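What follows is a set of notes on a single structure, which appears directly below.
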Amino acid sequence: MSIPQFDEIVETNDQTEARREHLESLRALVGNVYPNKFVRSAISGADDTISGLLRYEPVVAIADEMASVKAGLKDGERPPAEIKDALNEKLKALGTVRIAGRLTTPPRGNFVHLTDGIAKLQIYCKKNTFALIKNDGEDTRDEENAWAAWGLIDHGDFVGVEGYLFVTNTGEVSVHVEKLQFLAKAMLPMPDKMHGISDPEIRQRRRYADLIASSLQVEHDGLTTREVFETRAKVISSLRRFLEDHGYIEVETPMLTPKATGAAAKPFKTHHNALDIDLYARIAPELYLKRLVVGGFEKVYELNRNFRNEGISFKHNPEFTMLEFYCAYMDVNGMMDFCEEMMRESIQRAAGSLKVSYEGNEIDFSKFERIRMRDAIRRYAPEAEINDTNIVELFEERAESNLIQPTFIVDYPKSISPLSKASPQNPQVAERFELFINGMEVANGFSELNDPKEQYERFVDQMSERERGDEEAMVLDEDYVRALSYGMPPAAGIGIGIDRLVMLLTNKHSIRDVILFPHLRPERKANVAESDDESTE
RNA sequence: GGUCCGAUAGCUCAGUCGGUAGAGCAAAUGGCUUUUAACCAUUGGGUCCCAGGUUCGAGUCCUGGUCGGAUCACCA
């Protein structure tokens with residue numbers, strides 16, 4: 001196997017050549033072009049923990065003041081000099097600031113923007129008014145070569161600067177650079193600042209570049225990629241907080257399991273060499289979590305990946321994030337109430353509103369409808385004749401896609417719910433619900449079957465389904481039957497598809513837009529140089 | 001897997017009836033130096049996805065292929 005050359009991995013063209021030349025010239029001026037650190041401080045004397053100068057309160061106050069002055073101006077009109085001077089006095093009083101970041105505008109003229117991970121801030125370098133700091137371990141000042149070094153910095157490079165704050169003639173808060181330090185090189189050109197990366201494959205494969213693009217982009221529809229993943233993080237942390245606040249404990253159960261159970265799905269198979277056994281990537285943590293309920297954890301949750309070896313689509317990724325939790329002594333109705341409350345609170349926190357716009361629909365999370373599967377079919381297909389064998393099919397074909405607003409579908413057939421308790425009123429119906437939003441299944445929950453004998457029989461039924469060719473029928477988990485035999489309190493559980501929830505909150509049509517590194521085909525070489533291993537068919 | 005659409009400069013895209021390969025951004029060089037996506041001037045940059053075919057002539061038409069997207073079917 002041949003090891004690819006650096007230049008085969010990192011493309012070369014006239015632009016990257018220029019960047020490499022700049023890098024070598026800079027090396028001659030500053031020494032180490034990849035120094036180890038730069039101590040930032042929003043304000044002199046502050047520590048490295050403060051970044052995002054534009055969120056520092058005294059600066060925010062001045063920026064706001066400037067903004068209100070500018071609001072009263074006509075297009076192109078500049079703020080009065082005396083207001084500007086007064087603000088500059090205040091800014092200068094804040095003292096020296098040290099900030100670092102990536103250059104998010106091409107270094108043309110004296111003004112460039114730095115982005116430090118929180119905000120974008122303009123910096124101003126004027127010839128003969130700043131020094132270059134060499135990376136020689138001594139922080140040597142170099143007045144002579146500062147301007148030359150400035151000219152060698154490329155769009156996308158990282159620099160650290162020290163200077164004082166001021167507002168420009170057009171009223172933008174900026175840093176007047178007094179010391180400039182080179183911190184790291186971007187050897188590849190930055191993505192298009194107007195359009196970002198349009199090829200969805202490159203956007204997903206090179207998520208880092210997509211994220212950079214979202215910080216460069218001047219105009220964009222909806223959320224930037226960065227904002228999508230910030231929203232995702234917020235949803236997840238709010239869900240966690242809600243569960244913690246309600247006494248739930250977070251646990252981690254095996255991802256590699258000897259049996260793929262807990263859901264109807266095809267698993268990924270792998271092999272453990274030392275034990276010489278096959279293992280399956282889990283398709284659901286369900287049975288492990290209920291073992292913990294048996295063991296006395298009355299409220300448990302797990303928020304992590306499930307793996308299913310099935311098709312890929314706009315709403316399916318081979319690995320996806322599921323929040324599953326169980327609560328002892330609760331039934332399906334209590335779980336729907338709890339789910340509703342939890343989703344409302346987390347969505348309010350993450351999206352700032354209970355009404356979100358998704359693909360032209362306004363989805364209102366303030367109210368969740370509950371409707372029996374049978375009635376949902378009647379609503380959208382009144383002519384259909386419903387019986388026990390066609391009900392699920394009818395529901396999926398005729399009703400599901402109409403369920404735009406949050407809707408709990410209840411009264412599932414027992415036959416497709418092997419882990420769920422039957423309804424006391426109707427033994428053919430499971431005490432189970434699924435939550436649909438915008439035609440997508442987002443959650444699935446039920447009153448947990450805790451009679452070990454009945455569970456055993458349900459598994460046996462599943463096994464015979466399997467015999468008949470249903471690859472997704474559940475397999476018997478003997479140890480789980482044994483666990484239930486120690487006694488499990490009545491309990492309700494739920495699984496919530498986090499990726500789909502995030503899609504709804506970020507107005508993304510594809511699950512791959514809410515997963516940082518979604519599953520993609522292996523990257524193909526642009527020039528397949530006489531491939532030596534692809535001739536096997 | 002079926003159907004539809006697409007692939008042209010580093011990026012985003014135009015390219016008419018088949019007749020010399022284009023723009024904006026990015027880059028290089030020089031100028032400018034308080035600018036708000038795009039300051040001014042100049043310059044460089046192309047395997048028009050690949051292979052075949054039709055034609056005096058193919059980015060353009062035809063056939064096959066590769067890769068990608070949308071969609072349908074299975075799945076959360």
Side-chain angles (χ1 to χ4, degrees), chain A residues 11-19 21-22 70 75-76 78-79 81 84 88 104-113 120 122-129 147 150-151 154-156 166-172 174 176 188-205 209 213 216-220 262-267 283-284 306-322 324 396-397 400 434-436 440-444 470-472 495-501 503 509-512 520-521 523-528 531 534:
Chain A
E11 65 201 63
T12 51
N13 54 45
D14 60 329
Q15 300 190 34
T16 60
E17 281 307 320
R19 283 169 182 267
E21 283 167 21
H22 293 165
K70 279 165 80 176
D75 257 6
R78 296 190 163 181
K84 197 191 79 170
N88 273 336
T104 52
T105 47
R108 198 170 26 201
N110 305 66
F111 284 99
V112 298
H113 282 92
K120 218 188 259 189
Q122 181 166 263
I123 64 170
Y124 175 60
C125 282
K126 189 178 161 73
K127 196 173 180 177
N128 298 328
T129 66
W147 190 246
W150 178 248
D154 290 313
H155 186 197
F166 75 112
V167 288
T168 63
N169 286 342
T170 52
E172 179 163 344
S174 307
H176 196 295
L188 290 169
M190 293 295 103
D192 187 288
K193 65 170 171 278
M194 288 309 287
H195 308 90
I197 298 172
S198 68
D199 182 334
E201 191 193 345
I202 295 178
R203 215 169 55 215
Q204 289 153 10
R205 204 183 284 289
L216 302 179
Q217 241 176 310
V218 183
E219 289 167 0
H220 49 84
K266 289 175 221 156
I283 56 175
N306 288 346
F307 306 87
R308 300 192 184 172
N309 203 344
E310 290 162 355
I312 296 175
S313 80
F314 73 94
K315 52 177 172 174
H316 297 90
N317 194 61
E319 53 181 298
F320 63 100
T321 299
M322 177 92 105
E324 249 186 54
E396 287 173 355
E397 281 179 9
E400 209 175 285
E434 287 193 358
L435 172 62
F436 288 86
M440 255 189 326
E441 183 192 334
V442 172
N444 176 14
D470 182 356
E471 280 183 78
E472 295 181 354
I496 298 175
I498 298 299
D499 310 282
R500 290 180 177 182
L501 182 60
M503 284 167 70
H509 176 68
S510 170
I511 196 168
R512 293 198 291 211
L520 298 166
R521 284 191 184 78
E523 190 167 8
R524 294 179 67 90
K525 291 263 164 59
N527 293 318
V528 186
S531 68
E534 287 182 318

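Just so you know, these numbers come straight off a predicted model, no measurement behind them.
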OP1 or OP2 of B:A37 less than 4.0 angstrom from a side-chain nitrogen or oxygen of A:His155, does that happen here?
no
Decide yes or no for A:Pro189 and A:His155: does some side-chain heavy atom of the first lie under 4.5 Å from some side-chain heavy atom of the second?
no
What's the gap between B:U55 and B:U12 when it is taken at their P atoms, as a whole Å value?
38 Å
Taking B:C62 as the reference, what is the distance to B:G69 when you measure between their P atoms (whole Å, please)?
25 Å
Gap between atoms CD and P, on A:Glu172 and B:A37 respectively (whole Å)
9 Å
Dot-bracket for RNA chain B, please, read 5' to 3', with Watson-Crick or G-U wobble pairs under 3.5 Å on both distances, ( ) within the strand, [ ] crossing, | other strand, . unpaired.
(((((((..((((.....[..)))).(((((.......))))).....(((((..]....))))))))))))....
pair A:Met503-A:Ile511: side-chain heavy atoms closer than 4.5 Å
yes
Starting from P on B:C39, measure out to CG on A:Asn169 and report it in whole angstrom.
18 Å
Is there a donor-acceptor pair under 3.5 Å between the side chain of A:Asn88 and the backbone N or O of A:Val167?
yes
To the nearest Å, how far apart are A:His22 NE2 and B:A27 P?
9 Å
Of A:Phe314 and A:Glu472, whose nearest nucleotide on RNA chain B comes first from the 5' end?
A:Phe314
Which whole-number value in Å describes the distance from A:Trp147 CH2 to B:G31 C1'?
13 Å
Separation between the P atoms of B:G44 and B:U29, rounded to whole Å:
15 Å
Please measure how far the C1' atom in B:C13 lies from the corresponding atom in B:C17, and state the result in whole Å.
23 Å
Between CE on residue A:Met440 and CG on residue A:Leu435, distance to nearest 0.5 Å
10.0 Å
Quick one: label A:Trp150 by what it contacts on the DNA or RNA (base, sugar-phosphate, nothing), any heavy atom closer than 4.0 Å.
nothing
What is the per-nucleotide protein-contact pattern of nucleotides 9-14 of chain B, from the 5' end, where B denotes a base atom under 4.0 Å from a protein heavy atom, S denotes such proximity for sugar-phosphate atoms only, and - denotes neither?
-BBSS-
Sugar-phosphate, base or nothing in reach of A:Asn88, heavy atoms under 4.0 Å
nothing
A side-chain contact here means heavy atoms from C-beta on lying under 4.5 Å apart; do A:Ile283 and A:Asn306 qualify?
no
Whole-Å distance, A:Ile511 CD1 to B:A70 P, equals 13 Å
Rounding to the closest angstrom, what is the interatomic distance between B:C32 and B:U47 at atom P?
37 Å
With a 4.5 Å cut-off on side-chain heavy atoms, are A:Arg308 and A:Phe320 touching?
yes
Rounded to the nearest 0.5 Å, what separation is found between the OG1 atom of A:Thr168 and the NE2 atom of A:His176?
11.5 Å
Is any side-chain heavy atom of A:Phe166 less than 4.5 Å from a side-chain heavy atom of A:Ser174?
yes
On a whole-Å scale, what distance lies between the C1' atoms belonging to B:A27 and B:U66?
31 Å
Would you classify A:Glu17 as touching base, sugar-phosphate or nothing, given that sugar-phosphate means primed atoms plus P, OP1 and OP2, and contacts are heavy atoms under 4.0 Å?
nothing
Using a cut-off of strictly less than 4.0 Å, decide whether A:His509 has a side-chain nitrogen or oxygen near OP1 or OP2 of B:A70.
no
For the pair A:Asp499 (side chain) and A:Thr321 (backbone), establish whether a donor and an acceptor sit closer than 3.5 Å, ignoring hydrogens and angles.
yes
Tell me the interatomic distance from A:Glu201, atom CD, to B:C49, atom P, rounded to whole angstroms.
17 Å
Does a side-chain heavy-atom distance below 4.5 Å link A:Thr105 with A:Gln122?
no
Side chains of A:Thr129 and A:Tyr124, heavy atoms from C-beta outward: is any pair under 4.5 Å?
no
With a 4.0 Å cut-off on heavy atoms, is A:Lys266 in touch with a base, just the backbone sugar-phosphate, or nothing at all?
nothing
Can you tell me which nucleotide in B:A27, B:A28, B:G68 comes closest to the side chain of A:Pro106?
B:A27
Rounded to whole Å, OH of A:Tyr124 lies from P of B:C32 at a distance of 14 Å
Tell me what A:Ala264 touches on the nucleic acid: a base, only sugar-phosphate, or nothing, going by heavy atoms under 4.0 Å.
sugar-phosphate
Look at all strands and tell whether A:Arg512 reaches a base, only sugar-phosphate, or nothing, counting heavy atoms closer than 4.0 Å.
sugar-phosphate
Separation of the P atoms in B:C61 and B:G6, to the nearest angstrom
10 Å
Calculate the interatomic distance between A:Glu396 atom CD and B:A73 atom P; express it in whole Å.
11 Å
Quantified in whole Å, what is the P atom distance between nucleotide B:C49 and nucleotide B:A14?
13 Å
